[in-house]
Amino acid sequence: MKILVINGPNINMLGIREVNIYGSDNYEKLLDILKKTANEENIELEHFQSNHEGAIVDKIQEAYKKFDGIVINPAAYTHTSVAILDALKAVSLPTVEVHISKVSDREDFRQVNFIRDYAIKSFEGLGISGYKEAIIYIKNYLKEQE
Ligand code: DQA
């Protein structure tokens, strides 16, 4: 089973950016969690982070026929990007959305979410452990589809 984890803009600044919102765990710690979860769950996992919308669209397109599912935190693009939504729809892979913070309790502009209705599941407000939940969720989902 091959899962692609995608992180959008500023996720590489974890531990530095707004620690009151995103926590003090840094990006390296997030990568550790991804690696550990993949090992524990016996999943082949690739991680990609970009601050650029088009690069994320390209990566989603490349996932076609190469990955079984996508875990994505589109970060700020969650609230703006029809292009990322369209790319996800184009490759049509099971997709789980993750947000480190509880976006549904935050500013009005974050209540616009282009990804939520498409994703099979969303995790928010669990800090970086939300990625572990998302990976396990998509694994179980894909197992059920076998
Ligand atoms: C975020 C929430 C977004 O609103 C924000 O733009 C981010 C991170 C989260 O993980 O909580 O960059 O996706």
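The structure displayed is predicted, hence computed values, not measured ones. In each ligand, atom 1 is the first atom listed, and ligand 1 is the first ligand listed.
For residues 62-97, there are no ring-ring contact (aromatic ring centres under 6.0 Å, His included) pairs, not counting sequence neighbours.
With hydrogens and angles ignored, the 3.5 Å screen pairs a side-chain donor or acceptor of Gln49 with a backbone N or O of Gly8.
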One pair per line, please: each N/O atom of ligand 1 matched with every protein N/O atom under 3.5 Å away, atom names first, then the distance to 0.1 Å.
from, atom 1, to, atom 2, distance (Å)
ligand 1, 4 (O), His79, NE2, 2.7
ligand 1, 4 (O), Arg110, NH1, 2.8
ligand 1, 6 (O), Ala76, N, 3.2
ligand 1, 6 (O), Arg110, NH1, 3.1
ligand 1, 10 (O), Asn73, ND2, 2.8
ligand 1, 10 (O), Ile100, N, 2.7
ligand 1, 11 (O), Ile100, N, 3.2
ligand 1, 11 (O), Ser101, N, 2.8
ligand 1, 11 (O), Ser101, OG, 2.6
ligand 1, 12 (O), Arg17, NH1, 3.2
ligand 1, 12 (O), Arg17, NH2, 3.0
ligand 1, 13 (O), Asn73, OD1, 2.8
ligand 1, 13 (O), His99, ND1, 2.7

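More than 12 heavy atoms of other residues, nucleotides or ligands sit less than 6.0 Å from atom CG of Asp105. No more than 12 heavy-atom neighbours from other residues, nucleotides or ligands sit within 6.0 angstrom of CG on Asn42.
Apart from Met13 itself, the hydrophobic cluster it occupies contains Ile16, where clustering links Ile, Leu, Val, Met, Phe, Trp and Tyr at side-chain heavy-atom distances under 4.5 Å.
Residues passing the ring-ring contact (aromatic ring centres under 6.0 Å, His included) test with His47 are Tyr27, sequence neighbours excluded.
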